[in-house]
Amino acid sequence: MQSVKVDTTSIIRLITARYDLPVLPGIVAATRRGEPPPAKDNAAPAARQERLFVEQQGFDRGAIWQFGDYLDLTPFPHRLVTTFETNLNGLLSLEAREVRMHGGEIKKAFYPNFNMIRLVAASTVIFSHAFLISEKTSANEPIHRLLGEGKILGLFGVYAFFVTSGFLVTQSAQFGNAGAFLWRRALRIYPAFIVCTLLSVYVLGALFSPLGISGYLLKSLHVKTTVHAVLDPSFGMTLPHVQFYDPAISWLATFVNGSLWTIGQEIFCYVIVAGLMVTGLLRAPLMALALAVGVTWQLFFDHPWPNTRFLTDFTFIAPYFFCGSLLWFVTEKRQPNFALASIFAALGVLCLVFWPAYLYGPMLFAYPLVYIATSQTIRMPTLERLGDVSYGTYLYGWPVEQVMNHALGQYSTWWAVLALSLPTAWLLGWLSWHLLEKRALRLKRLTFLQRQPVSP
């Protein structure tokens with residue numbers, strides 16, 4: 001490994017500028033000649049420590065210690081020149097570990113492009129559902145017409161959601177224990193989902209029940225329905241005694257929220273990640289193996305569990321999550337580059353053209369997606385003021401489209417449903433984020449499920 005000789009101020013400036021971080025405070029653990037590194041109480045296991053050894057005037061060796069809960073790092077005296085016995089990429093791998101101190105709180109690396117990518121993905125789902133809900137078929141959806149049965153733009157949006165989720169969730173899993181991880185995931189998923197379920201049961205249910213408002217509220221088992229829908233998100237796709245029009249016209253008449261099938265799959269993926277955390281198996285080789293099994297499964301089994309919809313959906317969508325997880329490990333070691341992203345994008349196009357029936361061909365676009373999301377040169381709108389509205393947009397998209405389709409009646413067209421539903425879903429997503437999701441996420445600071453930080 002080569003030595004890079006720079007002063008400390010330059011090191012800090014390099015790290016903060018490269019990864020767009022504010023000042024990086026902390027404390028240097030440096031020892032005088034012949035003295036051992038300072039002991040730390042409750043230190044994280046050795047496997048979770050990174051040691052960058054330094055050599056400087058007046059000291060034999062100093063160590064920059066990374067613990068699982070915080071990074072112990074502060075500039076050496078300004079005028080001292082330090083030699084890092086590591087290459088430059090090794091130094092900058094600090095960011096790949098996404099740890100910095102700010103008021104005692106762990107801060108992960110923030111990739112602002114993800115917000116826009118996920119909002120676009122949610123919007124593509126609403127776009128494709130506009131055809132299905134208004135015309136009772138997806139036959140006229142542009143991607144369906146181009147690539148054939150089962151291929152719609154919204155499905156690519158779902159793929160993007162699971163790839164980005166696998167990436168970001170694996171990033172999150174690097175900090176704290178499995179209990180803290182599941183707590184953070186529950187805070188991200190359940191508050192908005194529960195409110196959406198309550199609105200579906202008690203508002204849409206009452207308004208669109210053939211029993212009438214009073215009849216529905218008096219006769220339906222609301223508590224049982226709500227609990228069942230929260231515990232099993234797929235149950236909330238249809239609700240008892242609720243229909244938007246005569247079911248004889250289309251099976252879609254009873255679907256209150258057809259997008260919820262992915263929520264259960266997302267939660268199941270979180271549980272798998274937590275299990276891997278507990279067993280110490282959350283590693284790149286295992287993710288690569290899971291991905292390899294997932295993408296080859298369809299070649300041998302079209303419907304492995306024909307009577308178990310949940311497992312069938314899992315084998316269909318989970319490989320995209322594992323792909324995103326694997327890409328996090330790849331990105332930790334090496335920043336995605338434009339040339340490789342271009343190659344994968346070209347291969348993805350070729351696969352769609354010559355093998356459109358293969359479910360995992362679109363996965364070739366995952367690397368270009370992560371390249372765009374993590375790029376330091378591609379600057380998408382950060383949506384900083386708008387907030388992370390993608391999840392709420394996705395949750396409310398289908399119910400809003402059903403209501404708009406019902407309101408338009410005989411004048412319903414895909415473009416009319418889309419024009420009314422998309423901004424409404426954005427608005428509900430904005431309200432959900434600012435009134436509920438953002439506030440709920442503050443509870444992740446509760447420490448009863450997390451390791452306590454090591455005192456300096």
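Only a predicted model underlies this, so the values are computations on that prediction, with no experimental measurement involved.
Closest heavy-atom contact between L187 and K444: CD1-N, 3.3 Å. Contact detail for F181 and S172: the closest heavy-atom pair is CD1-OG, 4.1 Å. Between W398 and S259, the shortest heavy-atom distance links the atoms CB-OG, 3.9 Å. Of all non-hydrogen atoms in F244 and F255, the two that sit nearest each other are CE1-O, 3.5 Å. Between R145 and A139 the shortest heavy-atom distance is CG-O, 3.1 Å. Among all heavy-atom pairs drawn from F314 and I272, the shortest one is CZ-CD1, 3.5 Å.
Distance CZ/F208 to CG/L204: 6.5 Å, rounded to 0.5 Å. One distance of note links CD1 of I263 with CG of L395; it measures 5.5 Å at 0.5 Å rounding. If you take CG on L153 and CD1 on I126, they are separated by 12.0 Å, rounding to the nearest 0.5 Å. Atom SG in C323 sits 8.5 Å away from atom CG in L364 (nearest 0.5 Å). With rounding to the nearest 0.5 Å, the separation of CG in L352 from CZ in F156 is 5.0 Å. Atom-to-atom distance recorded for Y367:OH and Y371:OH is 9.0 Å, nearest 0.5 angstrom.
Side-chain contact, T254 with Q243: no donor N or O sits under 3.5 Å from an acceptor N or O.
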Side chain to side chain contact (heavy atoms under 4.5 Å, CB included) evaluation trace for L207 with Y216: CA-CA 9 Å; L207 293 176; Y216 175 83; over 6 Å; no

Working for side chain to side chain contact (heavy atoms under 4.5 Å, CB included), residues V256 and T238: CA-CA 5 Å; V256 177; T238 59; 5.8 Å; no

Working for side chain to side chain contact (heavy atoms under 4.5 Å, CB included), residues N140 and H144: CA-CA 7 Å; N140 291 324; H144 184 281; over 6 Å; no

Stepwise side chain to side chain contact (heavy atoms under 4.5 Å, CB included) test for T331 and F167: CA-CA 9 Å; T331 302; F167 184 97; 3.6 Å; yes

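Ring geometry, H222 versus Y202: the interplanar angle falls from 30° to 60°, so the pair is classed tilted. Below 30°, between 30° and 60°, or above 60°: for H228 and F235 the angle between ring planes is below 30°, a parallel geometry.
Side-chain atoms of S134 come within 3.5 Å of backbone N or O of A130 as a donor-acceptor pair. A donor-acceptor pair under 3.5 Å is formed between the side chain of T279 and the backbone N or O of L276. At distances below 3.5 Å, at least one donor-acceptor pair connects side-chain atoms of R439 with backbone N or O atoms of H434. Of the possible donor and acceptor atoms, none in the side chain of Q402 sits under 3.5 Å from a partner among the backbone N and O of N257. With hydrogens and angles disregarded, no donor-acceptor distance shorter than 3.5 Å links the side chain of E135 to the backbone of E141. Panel note: side chain Y396, backbone W426; no donor-acceptor pair is recorded below 3.5 Å. Between the side chain of N113 and the backbone N or O of I378 there is at least one donor-acceptor pair closer than 3.5 Å. Between the S325 side chain and the F321 main chain, no donor and acceptor come within less than 3.5 Å of each other. Although no hydrogens or angles enter the test, the distance criterion places a donor-acceptor pair under 3.5 Å between the side chain of S209 and the main chain of H241. The backbone N or O of A121 lies less than 3.5 Å from a partner atom in the side chain of T124, making a donor-acceptor pair.
Residue-environment remark: CH2 (W251) exceeds the threshold of 12 foreign heavy atoms within 6.0 Å. Counting heavy-atom neighbours within 6.0 Å of Y358 OH, excluding the residue itself, gives a total above 12.
In this structure the side chain of F114 never reaches within 4.5 angstrom of the side chain of L369, judged on heavy atoms. Taking 4.5 Å as the limit, some side-chain heavy atom of M380 sits within range of a side-chain heavy atom of I372. Residues F193 and L260 have side chains in contact (heavy-atom distance under 4.5 Å, counting atoms from C-beta outward). Considering only heavy atoms from C-beta on, S123 comes within 4.5 Å of L422 through its side chain. For the pair M363 and L291, the minimum side-chain heavy-atom distance is below 4.5 Å. Within the 4.5 Å cutoff, side-chain heavy atoms of Q174 are placed close to those of T170. Using a 4.5 Å cut-off on side-chain heavy atoms (C-beta onward), T164 and I117 make contact. Contact annotation: the side chain of Y270 approaches that of S165 to within less than 4.5 Å [non-hydrogen atoms, C-beta and beyond].
Cation-pi geometry between K136 and Y245 is satisfied (NZ or CZ under 6.0 Å from the ring centre, within 45° of the ring normal).
Each of Y360, F161, F162 was scored for a ring-ring contact (aromatic ring centres under 6.0 Å, His included) with Y320, with one residue passing: Y360.
For the pair R118 and D388, the salt-bridge criterion is met [side-chain N within less than 4.0 Å of a carboxylate O].
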Mind listing the side-chain donor-acceptor pairs of residues 403-412 below 3.5 Å, one per line with the distance, residues two or more places apart or on another chain?
residue : atom : partner : partner atom : Å
N405    : OD1  : S412    : OG           : 2.5

